[in-house]
Amino acid sequence: MANNQNNHNMHDMHHDSMKHTDHDMSHMSMDHSKMDMSNHQMAGMDHSMHMGNFKKKFFVSLILAIPIILLSPMMGMTLPIQISFTGSEWIVMILSTILFFYGGQPFLSGARMELSQKQPAMMTLIAMGISVSYFYSLYGFIMSLVNPTTHVMNFFWELATLIVVMLLGHWIEMNAVSNASDSLKKIAALLPDNVTRITQSGKEEQVSLSDVHVNDQLIVRSGDKIPADGTIIKGSTTVNEFMITGESQGIVKNIDDKVIGGTINGNGTIEIKVTGTGKTGYISKVMDMVQQAQNEKIPLESLSDKVAKWLFYVALGSGIISFIIWLIISKDVGIAFERMVTVLVIACPHALGLAIPLVIARSTSLAAQNGLLLKNKKALEATNHIEYVFLDKTGTLTQGQFAVTGFNMISDRLSENEALKIIGALEKNANHPIATGIMDYINQKQLTPYDSSDTQAISGVGVTAVVNGKTAKIVNEKGLTDVSNQFNPSIKKEYQEQGNTLSFLIYDGLLIAMIALGDTIKPESKEFIAKLKEQGITPVMLTGDNQQAADTVAKYLGLDHYYSELLPGDKEKIVKEYVNKGDKVMMVGDGVNDAPSLISATVGVAIGAGTDVAIDSADIVLTNSNPEDVLKLLSLAKHTRRKMIQNLWWGAGYNIVAIPLAAGVLAPIGILLNPAVGAVFMSLSTVIVAINALTLRIGKE
Ligand SMILES: Nc1ncnc2c1ncn2[C@@H]1O[C@H](COP(=O)(O)OP(=O)(O)OP(=O)(O)O)[C@@H](O)[C@H]1O
Ligand SMILES: [Cu+]
Ligand SMILES: [Mg+2]
């Protein structure tokens with residue numbers, strides 16, 4: 001019901017009418033305690049509260065309107081079922097008065113709100129429309145009582161139909177609004193009420209979800225919804241994470257794998273250890289993000305606000321002008337008033353107020369279902385103008401799952417196993433994908449790493465720590481500046497040609513060993529690069545890895561541009577250079593070393609499996625680790641924009657035709673709308689806008 005002049009406005013209004021009206025809450029399936037959400041976090045909820053309100057008012061008003069219509073003499077027309085008797089005009093007047101105050105109440109208090117904020121808008125227009133009809137009719141009624149021979153027309157029946165149609169229109173519309181933001185609600189309603197917890201003594205107990213805490217152990221049977229975020233401690237299964245990633249295929253999960261509350265457990269029974277529930281849970285965080293995104297304004301929205309404001313004055317002006325002209329032509333105040341009311345009603349910029357928000361609501365929830373989390377609304381808009389996509393290599397274009405492909409001793413000071421134990425000591429606490437690959441290798445050999453202290457990452461180079469009292473380092477070639485011995489370059493040649501990443505162990509200033517690791521390119525990456533190029537977007541790879549490895553990947557993927565051996569600062573510098581030149585740049589990355597450049601880019605996109613820093617720095621998060629989701633993002637951005645512009649036309653542009661029509665320019669050829677028909681037109685434009693928003697899809701290109 002509120003047009004979105006601004007969000008505060010909306011909220012205030014909701015609270016305002018919440019105090020005054022009773023709500024039908026029965027349709028609300030959401031349990032607040034579960035997710036700990038306030039009204040402000042879920043715009044959709046506010047709307048549905050009003051729906052209850054409009055629905056009831058609509059039906060009551062409809063019942064009141066029937067006798068009014070039947071008992072009213074309709075401007076000379078005689079209906080077959082026309083009834084009137086002595087005193088029946090009193091019934092009409094009394095029922096109309098009730099209808100005006102009861103059915104008109106949402107519009108009247110909405111208008112009061114708008115006026116108190118000095119922002120007259122659609123509620124004011126509607127309120128003016130119904131007030132003019134009511135008070136003029138009342139005046140006509142009194143006049144004909146005083147002097148039965150004067151013929152002052154009243155249009156109580158038109159008032160009645162107008163209010164009924166307006167209530168219906170707003171009810172339908174709220175329905176559409178809440179459908180658009182429905183998928184968020186669906187996510188919230190995902191969690192089961194009761195869960196099975198394992199007590200300390202190993203027994204099973206049923207508890208309600210609100211009593212579950214972090215570190216509790218829960219049993220999730222096959223087919224059940226997973227009630228909280230957690231780590232699997234027993235069993236294995238497949239999980240359907242459709243709600244979060246848009247990917248409907250089950251994902252295999254084993255012990256130590258993470259599961260997300262709200263997703264659906266497939267064929268296995270598992271025990272999980274809870275890592276997050278309620279507010280700390282993943283879904284709750286996602287909803288916060290989405291909500292935040294909906295709270296800022298994009299340029300098209302500010303435009304629609306401005307147009308809506310103008311429309312108010314245009315409507316008021318046209319209303320007054322048509323009143324004057326019709327008064328001159330017809331010399332009948334009643335007819336002139338009727339024209340004015342029709343103009344006021346038809347111009348209600350209702351559809352306009354909803355044009356953009358509805359598309360945004362639909363677009364954000366569509367995005368969430370497809371594994372694209374928009375942390376920032378402007379980012380989606382900016383995505384439309386992207387010229388360059390900068391891509392991190394490791395973890396973005398490649399799997400980021402390293403396997404050791406070779407291990408060569410350079411010095412014979414230490415044994416192979418000793419060298420590996422030192423490497424293990426360095427890598428066991430590191431979180432780089434290389435570290436994970438190396439640890440797998442060491443574990444396979446069943447070696448126990450030494451203890452280490454003072455572990456420190458050398459960004460873009462490697463790791464250093466103190467092991468057995470001496471300084472140990474694992475570094476790439478950049479880190480080989482101060483070693484006392486040399487190595488024969490022929491040992492690295494073959495590995496390098498195959499695009500391996502090479503790391504060297506330095507212990508106590510001596511170069512000890514070389515370890516080569518290979519990563520695999522994601523199968524989707526090649527097509528992704530090709531499609532970006534097709535769309536005229538230039539892909540550029542930015543990597544901290546060595547030149548050879550970068551070159552191999554670039555050649556394979558058909559990338560014409562790449563930068564290698566970059567330190568985190570270098571990535572940011574390159575991004576900034578382009579941005580400062582005025583280029584629109586999207587950065588896609590996952591690692592710690594991508595975070596600064598994600599912030600600097602026009603649009604920063606983090607790959608979901610990435611590090612928290614990357615996710616925090618990004619504008620958009622892809623929950624799947626599939627780079628092709630960038631294409632979905634581009635498509636969504638394009639379609640969203642298209643729908644917004646279409647909706648602006650439906651919401652505002654239709655007035656170009658409707659206002660003159662309502663004012664009666666076609667009266668000479670016999671077309672004259674009455675206020676209720678005007679209200680139908682205004683509702684129609686809103687419904688069109690809503691349907692248009694709901695049909696937003698992500699394209700295939
Ligand atoms: N824990 C580590 N163990 C061994 N080498 C490391 C480690 N961390 C970083 N390095 C070395 O530093 C290089 C750059 O790392 P950095 O994290 O900056 O980039 P990256 O993530 O590997 O590549 P990309 O930028 O494509 O994601 C790596 O290629 C590797 O040679
Ligand atoms: Cu309206
Ligand atoms: Mg990286």
Side-chain angles (χ1 to χ4, degrees), residues 390-405 407 419-420 422-442 449 452 455-465 467 472-480 492 495-496 499-506 512-522 525 539-554 557 559 562-575 587-598 605-607 609-611 613-614 625 627:
F390 286 168
L391 298 147
D392 163 60
K393 178 180 74 80
T394 313
T396 301
L397 292 171
T398 69
Q399 304 278 17
Q401 284 162 359
F402 284 92
V404 173
T405 48
F407 181 67
L420 282 171
I422 298 173
I423 295 177
L426 284 159
E427 297 286 28
K428 68 181 172 192
N429 296 320
N431 70 353
H432 197 276
I434 291 181
T436 317
I438 290 180
M439 290 315 292
D440 285 347
Y441 182 71
I442 292 172
S452 60
T455 306
Q456 236 149 12
I458 319 171
S459 110
V461 176
V463 190
T464 174
V467 181
K473 286 185 195 171
I474 182 142
V475 293
N476 54 19
E477 281 195 79
K478 261 188 273 180
L480 294 183
K492 66 171 191 181
Y495 293 121
Q496 248 182 353
N500 283 292
T501 301
L502 303 178
S503 299
F504 299 86
L505 173 65
I506 302 171
I512 306 287
M514 183 191 82
I515 187 163
L517 292 108
D519 190 3
T520 37
I521 295 174
K522 287 183 188 167
S525 294
V540 182
M541 184 171 80
L542 303 181
T543 178
D545 207 346
N546 68 61
Q547 199 266 336
Q548 277 278 346
D551 195 60
T552 317
V553 174
L557 293 178
L559 274 161
Y562 69 85
Y563 298 84
S564 61
E565 299 184 27
L566 301 172
L567 300 178
D570 298 334
K571 286 197 183 188
E572 190 195 7
K573 228 183 287 167
I574 294 172
V575 169
M587 169 75 200
V588 186
D590 69 326
V592 180
N593 64 342
D594 300 316
S597 40
L598 287 172
V605 178
I607 294 263
T611 52
V613 225
S625 291

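Basis for what follows: all heavy atoms, side chains included, without hydrogens, waters or symmetry-related copies. We count ligands from 1, going down the list as the structure has it; atoms in each ligand are counted the same way.
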Q) Considering residues at least two apart in sequence or located in another chain, which fulfil the ring-ring contact (aromatic ring centres under 6.0 Å, His included) criterion with Phe390? A) Tyr578
**Q.** Contacts of Tyr441 that satisfy ring-ring contact (aromatic ring centres under 6.0 Å, His included) - sequence neighbours left out
**A.** none
Below 3.5 Å, N or O to N or O, backbone or side chain included: is there any such pair between [X] and ligand 1?
X      : result
Asn546 : no
Gly544 : yes
Gly460 : yes
Thr501 : no
Lys571 : yes
Lys393 : yes

Q: Could you go through the salt bridge (Lys or Arg N to Asp or Glu O under 4.0 Å) check for Lys571 and Asp392 one step at a time?
A: CA-CA 9 Å; Lys571 286 197 183 188; Asp392 163 60; 2.9 Å; yes
Taking the side chain as C-beta and beyond, is there a heavy-atom pair between [X] and [Y] under 4.5 Å?
X      : Y      : answer
Gln401 : Thr520 : no
Ile438 : Ile515 : yes
Glu427 : His432 : no
Ile442 : Val404 : no

Q. Which ligand 1 atoms are under 4.0 Å away from a heavy-atom of Asp392?
A. 24 (P), 25 (O), 26 (O), 27 (O)
Q) Where on Val463 is there a heavy atom closer than 4.0 Å to ligand 1, on the side chain, on the backbone, on both, or on neither? A) side chain
Q: Of the side chain and backbone of Ile434, name the one, both, or neither that has a heavy atom under 4.0 Å from an atom of ligand 1.
A: side chain
(Q) Heavy atom to atom 5 (N) of ligand 1, shortest distance: which of Ser503, Ser597, Ala550, Gly395 holds it? (A) Ser503
Q. Considering only heavy atoms, which of Leu391, Thr455, Val461 lies nearest to atom 11 (C) of ligand 1?
A. Val461
Q: Please answer whether the main-chain N or O of Gln548 pairs with a side-chain N or O of Asp551 as donor and acceptor at a distance below 3.5 Å.
A: no
